[in-house]
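Worth saying up front: this structure is predicted, and the values here are computed from it rather than measured. Letters go in sequence order (proteins before strands), and every chain restarts at 1.
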4 protein chains.
Amino acid sequence: MLRAISAPTIDHRGPDFATLALDVLAALKPVFGTTGPVVVYPSSGTGAWEAALVNTLSPGDRVLAFETGHFATLWREVATNLGLDVDFVPGDWRHGVDPAAVTEKLRQDPSIKAVCVVHNETSTGVTSRIPEIRAAIDEAEHSALLLVDTVSSLGSVDYRHDEWGVDVTVSCSQKGLLLPPGLGFNAVSEKALRAGGGFAKSYWDWRPILAANERGYFPYTPPTNLLYGLKESLALLNEEGLDNVFARHLRHAKATRAAVRGWGLEVLCLDDREHSPVLTAVLVPDGHDADKIRALILDRFNMSLGTGLGRLAGRVFRIGHLGHFNDVSLAGTLSGVQMGLTIAGLSVDPAGITAALHVLESA
Amino acid sequence: MLRAISAPTIDHRGPDFATLALDVLAALKPVFGTTGPVVVYPSSGTGAWEAALVNTLSPGDRVLAFETGHFATLWREVATNLGLDVDFVPGDWRHGVDPAAVTEKLRQDPSIKAVCVVHNETSTGVTSRIPEIRAAIDEAEHSALLLVDTVSSLGSVDYRHDEWGVDVTVSCSQKGLLLPPGLGFNAVSEKALRAGGGFAKSYWDWRPILAANERGYFPYTPPTNLLYGLKESLALLNEEGLDNVFARHLRHAKATRAAVRGWGLEVLCLDDREHSPVLTAVLVPDGHDADKIRALILDRFNMSLGTGLGRLAGRVFRIGHLGHFNDVSLAGTLSGVQMGLTIAGLSVDPAGITAALHVLESA
Amino acid sequence: MLRAISAPTIDHRGPDFATLALDVLAALKPVFGTTGPVVVYPSSGTGAWEAALVNTLSPGDRVLAFETGHFATLWREVATNLGLDVDFVPGDWRHGVDPAAVTEKLRQDPSIKAVCVVHNETSTGVTSRIPEIRAAIDEAEHSALLLVDTVSSLGSVDYRHDEWGVDVTVSCSQKGLLLPPGLGFNAVSEKALRAGGGFAKSYWDWRPILAANERGYFPYTPPTNLLYGLKESLALLNEEGLDNVFARHLRHAKATRAAVRGWGLEVLCLDDREHSPVLTAVLVPDGHDADKIRALILDRFNMSLGTGLGRLAGRVFRIGHLGHFNDVSLAGTLSGVQMGLTIAGLSVDPAGITAALHVLESA
Amino acid sequence: MLRAISAPTIDHRGPDFATLALDVLAALKPVFGTTGPVVVYPSSGTGAWEAALVNTLSPGDRVLAFETGHFATLWREVATNLGLDVDFVPGDWRHGVDPAAVTEKLRQDPSIKAVCVVHNETSTGVTSRIPEIRAAIDEAEHSALLLVDTVSSLGSVDYRHDEWGVDVTVSCSQKGLLLPPGLGFNAVSEKALRAGGGFAKSYWDWRPILAANERGYFPYTPPTNLLYGLKESLALLNEEGLDNVFARHLRHAKATRAAVRGWGLEVLCLDDREHSPVLTAVLVPDGHDADKIRALILDRFNMSLGTGLGRLAGRVFRIGHLGHFNDVSLAGTLSGVQMGLTIAGLSVDPAGITAALHVLESA
């Protein structure tokens, strides 16, 4: 993929570019589970958050969001910066969005224009159950748009923009698609397209982009080299098969939890329906500093675990099992964690790794 | 450079990234001729246009701009899309901004908040004289900000953000810096920073970026791989020496005009003080279609000339002499144009190429 | 191609390697104009010279060779080093092998076991006419093998191993195939295979290689990454079409000679049937040092011309028009030479470049 | 490293090449433990075997070699092909060369001209003790040259050409130096240089290469792109520190043996002084086919173990722990083997992995 990115940049107004763009834009749709358009920005994922909001809402609009973790909190900040009025439901960072709370909130407040949900909270290893949230909105007979962040789930976790009735799915290039950062995505429902919204906008405006995309072009200079990489990335996903990719992530998450529990430690996520297939956050026992353990493991094994973000600082470390990972690399990762925990003086049971291997063997 | 871009993406929250970012952010300043900050976005140049506007102005603000060509017109559109009130002075696409007109307009309208100028109009091969425009603003004793687009001049043409009193210099990665597209830049004066502006903003907001940049970080995921490339690109520019790079572009522009006039054709730019060092637009004689000539040259010599944009469609072709170009490649380009014009049936004088070589020899 | 070479090395005993090797070995044949085997060595071209000799001859065997230039002289040295008895016919470095001399030599000496000919002498820009040499051997009714070096012609100049009755065609990766050095080739006739030869040999022995090649393997570790590049290189040649590649080189050679004569200078090659399609050696007038001119052109235009080798030192420079070259890059090269000659004080006629463009236009 | 290899090929007769070559040739010496010359060939390791023989011996010379495994047997074949008279001492493939046998053989046969030893037998995971073999030659007061193959040990295992009195050390690029195949090496003692040998030779002849190397050149086209890679590779080794690299390989070998014994299986190597630091061969119990287990592990875990070569076919598999490997990747590899053995129905003790982690933890 990285070699693909280093190919010479072609003219983005020429016919070869159009062929590339049409191919890539078509191949993106199944990853989002949509037959509708996917808008591609030269931006980070943060830009794609902003785009989802300014294309569907108006300044001052009321938005419902849930404090499921660090990234939900950051998205709230973006919305607030843009002048939206966010009803931010507090949470304990150990659960996803509660569908019942969605129904209740919407029933109480007919002025809500959009519900914002982070599908997979990278800071906690907890997912939110999008189909149930969709059902909760329907149960409230409410017209709010459903905006979903899939930054860390897309291409790794089963996701169905159309079937689940999502209005805007936000994502980007650098997680499950295994690319360098630099591409932001919005998959867009017809309802979202019609919403329009009252924000003055130019760069993020879906309409000129979708118009130009029809013939394979962009209204401004596209990030051609990342599109080369995206083409390769989508081909790799299709070669393995999306269903196989999803199954692999579920298997790795299960094996990781087996190791964690085998060590005698606690997984942060409290609801068995909400375990993230792409990462597992582990609580360290009282009296230990998760960041010191992380530093030890980085120093000793050149292996970087995720830090505890926000209110979880020092209390958790996160084991990623995302992307181009296989059973052997997961076993290596879990071995490294086990050794690091042992060296750090936690009395973890060495049978943790054996429990994980047992899960992987029996798959 | 492209090989640099294909290096594995490092963690943008780690110390290696901070070292890279601090290096690159420091090395960018001399290219802009500034000791102040340069903001780097994961975006196209269009995004950097938008950023310059939303960080300094408020919705409804009056902006002065000049129809020097296609890209000035597009920037005007961005401003209008964002709800700014643009006074767009018509032009003939053969001249840069007239400093006298700047003074006159500013004297007439004290409400103008910013003057927008495209330094090098890629569509016409005409530059605007920024120091004289600065002087014109000063002469009008007007407080308007000066915003300058250097998308196609930065790193190829002498430019001095500080000395010339520019408030925001807009640029991007894919022209003189020879990188793939994906990075937008804003060099920012203290006055611009103080302006603040009343737009609700998040992604484009300079303040959190500048705050994070101080320690080498970014508030959201930066385009790490393009920063690798930028580091290489800046090193290459420094190796040749910026002054040598500027002199080379001036020499190539002079040789190109010698060829054009040698062929008996007309250069679009009418003012000798305003010839672009990075491209030359050539008028084709009546009765000939510039795009047919371009198609013939592409087909026969695999050489892509710039098309006539907007009102120049069919009437001009553009010869680029930008970036990593040397005397031999320029001579090859001009030879290709000469052969193409001959094959297309224009009775051009074959001494055109000889005149160009003469300029290059005597440099 | 270079990006292809940087792909991770695969196991050369696995099935993916076999597929690669079978593809590449098959795709090499048409470039040699053979339906027989082509042996690939991890070696330089010098190794392929040695391989051709030790697989067909015995120590002390008599070999006929011709002093057509520097590389013919070097091949003679290899043969002498190996203990062969070389009859080396003197030459003036301005002609190819004289077919009549071949017949005459063979008639005089029935003990000759092989005739060695360099198809395209890189040091002189003179080719030898292989079909006429074949006819000359036949006319002498002599059983000598015909060994031909195509190091600098293969993939650029029409060549027909089978049709022309060549027994071993020697070549390598770094000229017309546009690869880095590291691969040596022997295309082998049935007669050559039967010859066997009495040299003790191991690394160069065709037999175990051909046996292993049948299933896509090699008896020792092959240069896998260069085979990746070779696959790309052969695909590129086929995309353009070998006949188009050959025509392009002939056109460029003709245009180059037009420039040289237009400048009032002399081409080294004296026989119009023997001009090299891939390079042109130019005599500098008495009183000028070709190497000083070359140094000036390198310094001023960053363009490297070939030096005069052996007895031609200081008297010629060589203009290459080999490989992935197009009309525009040739025109640039010739422009650079013209400017360099002018700056060096030779009174060359500036119409040289114009004459070359005229040839290219009318193709 | 692979990116380094994909840089454009520079002129091997220019000054930049000479700088590169002088750097690389100097940096190679410490890896061999020599202050003398190291000859670099465009060849496989097999070519470097041949070069060691033809530069020091004469046809018909008597050579002493030992059947320590598959590669010792192949080297014997090369020697035999070249017409040398090899006294090949049979072995059980579970021991290195017996120094006592060396003394005994040399005492019996004063005509022996060279002793050939494979330092690390890739087929068996057994090393030979070079310093003791040197002492054994000295004890016999015999003038035979000592030729050592370090194909799979160089850059991974402590090796001292000068201190251990080796005459020719043979190696190549694709193992411990982590490069693609294509470079063969001979480190050469003064005694070896003086030997000269009576073979007719050209390509392999050390003398013209060493003469040209003095100024950074080669007598024939060198494999420039692999030299780029070699420069990077040597820099990487120096960054980690050769002693650290050696210690890492020893630690990984120890951990691997702990796992093997933990599983209840047998390591092929029978002498504790001779365990290979770079790979471990494991005997499978009677009734099991090692290749079926390997196929299962490849299919299920995409992990390729070494096959049993020659007489070991079906009876062993080989675990490599060579090159750019760290504790975590070793743990992953051993996990994959453990899972594969379990799935294959061997009743291995799952504490094998735990034993290995214990070794790695306590390092």
Side-chain angles (χ1 to χ4, degrees), chain A residues 1-9 11-14 41-51 53-54 59 74 77-84 151 172-175 178-184 199-205 208 218-226 228-229 298 304 307, chain B residues 1-9 11-14 41-51 53-54 59 74 77-84 151 172-174 178-184 199-205 208 218-226 228-229 298 304 306-307:
Chain A
M1 218 126 49
L2 288 168
R3 285 190 301 128
I5 287 169
S6 71
T9 310
D11 177 12
H12 67 276
R13 294 198 193 88
Y41 295 102
S43 79
S44 70
T46 310
W49 274 346
E50 182 161 330
L53 300 171
V54 301
L74 288 179
E77 267 180 44
V78 168
T80 303
N81 288 340
L82 294 170
L84 294 164
V151 162
C172 66
S173 52
Q174 76 267 25
K175 298 276 182 178
L178 308 171
L179 289 168
L183 296 179
F199 276 98
K201 56 188 162 282
S202 185
Y203 192 78
W204 305 118
D205 195 342
F218 282 80
Y220 47 79
T221 314
T224 303
N225 294 57
L226 284 171
Y228 298 155
L298 179 61
S304 182
T307 187
Chain B
M1 219 127 48
L2 288 169
R3 285 189 302 128
I5 288 170
S6 70
T9 310
D11 176 12
H12 66 275
R13 293 198 194 88
Y41 295 104
S43 79
S44 70
T46 310
W49 274 346
E50 182 161 331
L53 300 171
V54 301
L74 288 179
E77 265 179 45
V78 168
T80 303
N81 288 340
L82 294 170
L84 294 164
V151 163
C172 65
S173 51
Q174 75 267 26
L178 308 171
L179 290 169
L183 295 179
F199 276 97
K201 55 189 163 284
S202 184
Y203 192 79
W204 305 118
D205 195 342
F218 282 79
Y220 46 81
T221 314
T224 304
N225 293 58
L226 283 170
Y228 297 155
L298 179 60
S304 181
T307 188

Q: For residues G83(B) and A200(A), report the shortest heavy-atom separation together with the two atoms involved.
A: N-CB, 4.4 Å

**Q.** Proximity breakdown for P59(B) and chain A, heavy-atom pairs closer than 4.5 Å
**A.** neither

Q: Tell me, please, which residues at least two apart from P42(A) pass side-chain contact (heavy atoms from CB on, under 4.5 Å).
A: Y203(A), Y220(A), P223(A), S44(B)

Q: Heavy-atom pairs under 4.5 Å with chain A are the metric here; pick the option from G14(B), A79(B), G47(B) that has the most.
A: G47(B)

Q. Measuring heavy-atom distances to chain B, does A4(A) have an atom under 4.5 Å in its side chain, in its backbone, in both, or in neither?
A. neither

(Q) Test of understanding: with side-chain contact (heavy atoms from CB on, under 4.5 Å), list the residues that count as partners of V54(B), not counting sequence neighbours. (A) E50(B), L82(B), F199(B), K201(B), W204(B)

**Q.** Distance, nearest 0.5 Å, that separates CG of L179(B) from CG of N225(A)
**A.** 9.5 Å

(Q) I need the minimum non-hydrogen distance between P181(B) and T224(A), along with the two atoms involved. (A) CG-N, 4.0 Å

Q. Could you give the distance from OG1 (T9(B)) to CD (Q174(A)), rounded to the nearest 0.5 Å?
A. 8.5 Å

Q. Using a cut-off of under 4.5 Å for heavy-atom pairs, which of G182(B), P180(B), P219(B) has the most such pairs with chain A?
A. P180(B)

